[in-house]
Asks: 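Below is the structure I would like to discuss, written out as structure tokens.
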Amino acid sequence: MTEAFDILLAALILGLALWTAIARETFAAVLGFMAYGLLLTLVWVRLHGVDVALTEGAIGGGLTGVLLIGAAARSRATESVSLAERPGTLTRALAAGLAAAVASALAVCVLILPVPAPTLAHEVAANLASTGVGNPITGVLLAFRAMDTLLEAIVLLFALVGVWSLAPDRAWGGRPGLRHSADPNGILAYVARVLPPIGVVVAMYIFWVGADHPGGKFQGATILASMWLLVMMAGLADAPPIRRSWVRVGLVAGPVVFIAIGLLGAWTAGAFLAYPDGLAKPLILVIEFALMPSLTLTLGLLMAGAPQRPEAP
Amino acid sequence: MSAATLFGLCAATLVGLGLYGVIAHPQPLRKIVAFNILGSGVFLMLGSVARRGAAAGMGGDPVPQALLITGIVVAFSATALAIALLLRLSEVSGSVTLSSDAPAEPKPDAGKA
Amino acid sequence: MSDFLFGASSLVLGMVALGLTRILRGPDDADRLMATLLLGTGGIAALLLLGAASGDAAVVDVALTLAVLAVFAGVAFVRAAPGEAADGAAPDDTP
Amino acid sequence: MRTALDAWTILSVSAGVFFFLAGTVGLLRFSDTFTRLHALTKADNLGVGLVVLGLLPRAGSVLAGLKLAVIWFLVLLAGSTVSQLIARSARSRRPRA
């Protein structure tokens, strides 16, 4: 029975990926991609990666889809122009040949993977107790490979700086995106009032169980950022001007705390990002609590886009 | 065939489809979508490797799974940056095209700010 | 019992996937969006069944996340639709 | 007791699956956007609802049961608001008949 489910899932994913590649209309392709993201979440569950499924569901199914739908609607007017620029048959044949070659090479690699698969699960299991957390993924993210997590938070910040740098000169320091106005008694305003309180509770829950069960700060921050975005899209609150100092401080606070604890480790435990004996769990908690608001702010502002309006006088 | 192998092969095909889309599709937004498909193919392959490494009572090797979470978030930030670039391009030039001899006339009021 | 739940999960998934042919056929963007929404709901149900079948309680949290974010595709669609003057599109951009 | 619970799960989940079938058939066969929207919301409300009801007795703890109920509520909320939004947007874009 599980085999049938897996084969159905794989066939659906391939079909949707093919559809996004060949669809004529961009909007249809984007919707296909959103469905694809949702099915990918099911695949992660089947591959026993529930933490990954949570991330994929929140980011792939939620945030990326919203971004793509907005961009597709705005670029619709120029769609026919771009379609006229289809590359020649030779280019497409070469691209198809290259793609087929890469795919076959990867497929061969999948089939000849070594049979007792190499794994670090034993090492993680043996050392997890020293971190005090119960979820091995959280242990890897914040103790064994904390450097990756730190750099990831910084990459997000760099992406945001990149987005901001696209602001027209007159709007620099102003409010991101376009102002949404909505009927305060409309259905959109209603859902933007009802959903966020529930969303905040769910986000905190996902964040808190991350210590021992699948979940964690990224997934929680994504849900929080989505709730903020919903309130902005409903026109109930405006995006903050990016020149505000609380925005800037909020954005860097999390990574700064992370780096400070890392430096503390270099001084007390002998290595950057090492935790002193017995203090691992509290320090991990401090990092998570510091990172969560910064990540929420970063993700929300990334979704809001480049500043487009000068701050109103 | 185990689920890991099945989805591994699925991932290889996804990488191929995404690569074709990135090269062959003329529209930038479609290239971004194709890039995401390509990326998810790579993630899925890593996920299949992680599943094969199931041991010590864990459903999969936690190290690649944790790296996957990092990867998904980074891919999202790249997508957000690419879309912001795209929107700015259409604002400045009035058309979304990567061709150097764009057929569309730039809007007169939207010169290089 | 686990076999039944897996079967039900496959059935739900297969059926909402059939609905996806609406994305292919359209005719309106709203119809396409509906197919995606049906897949979203079906995906949540399939996840719940899958979680119950495999006995992994954490899968419910994934369904919970998807359910919280379920309204987003629709809101983004309405916000981005032509005729939505607040979004910068020309109001008379109708077909 | 165990068989009774299993029977309840099978009954309720099967009914939920039926409503997904109905939703899909409606989405594919109905003639215009608004009737299709009507079919879609049945799958949301009753399909997920019955699946949740069927799985409730199998939830190990109160918290797990509560989560299931919250999921149902959220799906209801999303389904009702999004269908309203889509219907309004479809009506405003359609030329007045």
Side-chain angles (χ1 to χ4, degrees), chain A residues 6 10 13-14 17-18 20-21 26 29 33 40 43 46-49 51-52 55-56 59 63-64 67 71-72 75 78 81-82 85-87 92 95-96 99-100 102-103 106-107 110 117 119-122 124-125 136-137 140-141 145 148 152 155-156 159 162-163 166 168-169 218 302 305-306, chain B residues 3 5-10 12-17 19-21 23-24 26-27 29-30 33-34 37 40 45 47-48 50-56 58-63 65-70 72-74 76-77 79-81 83-88 90 95-97 99 103-104 113:
Chain A
D6 290 344
I13 288 220
L14 289 178
L18 190 66
T20 61
T26 306
F33 181 76
L40 215 50
V43 173
R46 287 295 301 138
L47 288 175
H48 293 247
D51 291 89
V52 189
T55 317
E56 179 72 45
I59 287 187
L63 297 187
T64 311
L67 271 181
S75 63
T78 58
V81 176
S82 300
E85 292 164 16
R86 264 174 95 84
R92 276 187 287 145
V102 170
L106 286 175
V110 168
T119 177
L120 291 166
H122 297 292
V124 172
I137 311 270
V140 173
L141 277 176
R145 307 265 327 172
D148 291 343
E152 170 191 15
V155 163
L156 274 176
V163 168
L166 298 168
D169 281 349
F218 278 113
L302 259 183
Chain B
T5 316
L6 175 70
F7 288 119
L9 293 176
C10 184
T13 321
L14 289 177
V15 171
L17 277 171
L19 187 60
Y20 175 78
I23 300 173
Q27 216 197 349
L29 185 59
R30 299 293 292 277
V33 174
I37 299 262
S40 65
M45 186 154 287
S48 129
R51 174 72 184 115
R52 285 167 46 85
M58 299 175 199
D61 189 347
V63 176
Q65 285 187 354
L67 297 188
L68 274 170
I69 294 176
T70 313
I72 290 173
V73 176
V74 169
F76 164 74
S77 63
T79 307
L81 181 56
I83 286 178
L85 270 170
L86 188 66
L87 292 178
R88 183 70 181 132
S90 75
S95 80
V96 184
T97 171
S99 147

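Please read these numbers as outputs of a predicted model, since none were measured by experiment. Note on naming: letters A, B, ... go to the chains in the order of the sequence lines (proteins, then strands), and numbering restarts at 1 for each one.
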Asks: Rounded to the nearest 0.5 Å, how far apart are CD1 of B/Ile72 and CG of A/Asp51?
Replies: 10.5 Å
Asks: Pick one: which of A/Val110, A/Leu14, A/Val43 meets side chain to side chain contact (heavy atoms under 4.5 Å, CB included) with B/Cys10?
Replies: A/Leu14
Asks: Where do A/Ala159 and B/Ser77 come nearest, in terms of heavy atoms and distance?
Replies: CB-CB, 3.7 Å
Asks: If you count heavy-atom pairs within less than 4.5 Å of chain A, which of B/Thr79, B/Val15, B/Leu6, B/Val74 leads?
Replies: B/Leu6
Asks: Please classify the contact of B/Leu87 with chain A as side chain, backbone, both or neither, using a heavy-atom distance under 4.5 Å.
Replies: side chain
Asks: Which heavy-atom pair separates B/Gln27 from A/Thr26 by the least distance, and what is that distance?
Replies: OE1-OG1, 2.6 Å
Asks: Measure B/Leu81 against the heavy atoms of chain A and call it side chain, backbone, both or neither at under 4.5 Å.
Replies: both
Asks: If you compare all heavy atoms of A/Leu47 against all heavy atoms of B/Gln65, which two are closest, and at what distance to 0.1 Å?
Replies: O-NE2, 4.0 Å
Asks: Between A/Ile13 and B/Phe7, does a side-chain contact (heavy atoms from CB on, under 4.5 Å) hold up when you go through it step by step?
Replies: CA-CA 10 Å; A/Ile13 288 220; B/Phe7 288 119; 5.7 Å; no
Asks: Pick whichever of B/Leu68, B/Leu19, B/Leu17, B/Thr70 has the most heavy-atom pairs under 4.5 Å with chain A.
Replies: B/Thr70
Asks: Taking all non-hydrogen atoms of both residues, which atom of B/Arg30 and which atom of A/Ala21 are closest, and how far apart?
Replies: NH2-O, 3.7 Å
Asks: Closest approach of B/Ala12 and A/Ala103, non-hydrogen atoms and distance?
Replies: O-CB, 3.4 Å
Asks: Please classify the contact of A/Val102 with chain B as side chain, backbone, both or neither, using a heavy-atom distance under 4.5 Å.
Replies: side chain
Asks: Using non-hydrogen atoms only, which part of A/Ala306 is less than 4.5 Å away from chain B: side chain, backbone, both, or neither?
Replies: neither
Asks: Heavy-atom cut-off 4.5 Å, strictly under: side chain, backbone, both or neither for A/Ala100 against chain B?
Replies: neither
Asks: Please classify the contact of A/Leu40 with chain B as side chain, backbone, both or neither, using a heavy-atom distance under 4.5 Å.
Replies: side chain
Asks: At a heavy-atom separation under 4.5 Å, does A/Arg145 approach chain B through its side chain, its backbone, both, or neither?
Replies: side chain
Asks: Quick check for you: to the nearest 0.5 Å, what is the distance between A/Leu67 atom CG and B/Leu86 atom CG?
Replies: 11.0 Å
Asks: Go through B/Ala50, B/Ser40, B/Ser48 and name the one with the most non-hydrogen pairs under 4.5 angstrom from chain A.
Replies: B/Ser40
Asks: Heavy-atom cut-off 4.5 Å, strictly under: side chain, backbone, both or neither for B/Ala34 against chain A?
Replies: neither
Asks: Of all the heavy-atom pairs spanning A/Asp6 and B/Ala3, show the shortest one and how long it is.
Replies: OD2-CB, 3.4 Å
Asks: Which bit of B/Leu67 is near chain A, if near means a heavy-atom gap under 4.5 Å: side chain, backbone, both or neither?
Replies: side chain
Asks: Drop me the distance from A/Leu166's CG to B/Ile83's CD1, to the nearest 0.5 angstrom.
Replies: 12.5 Å
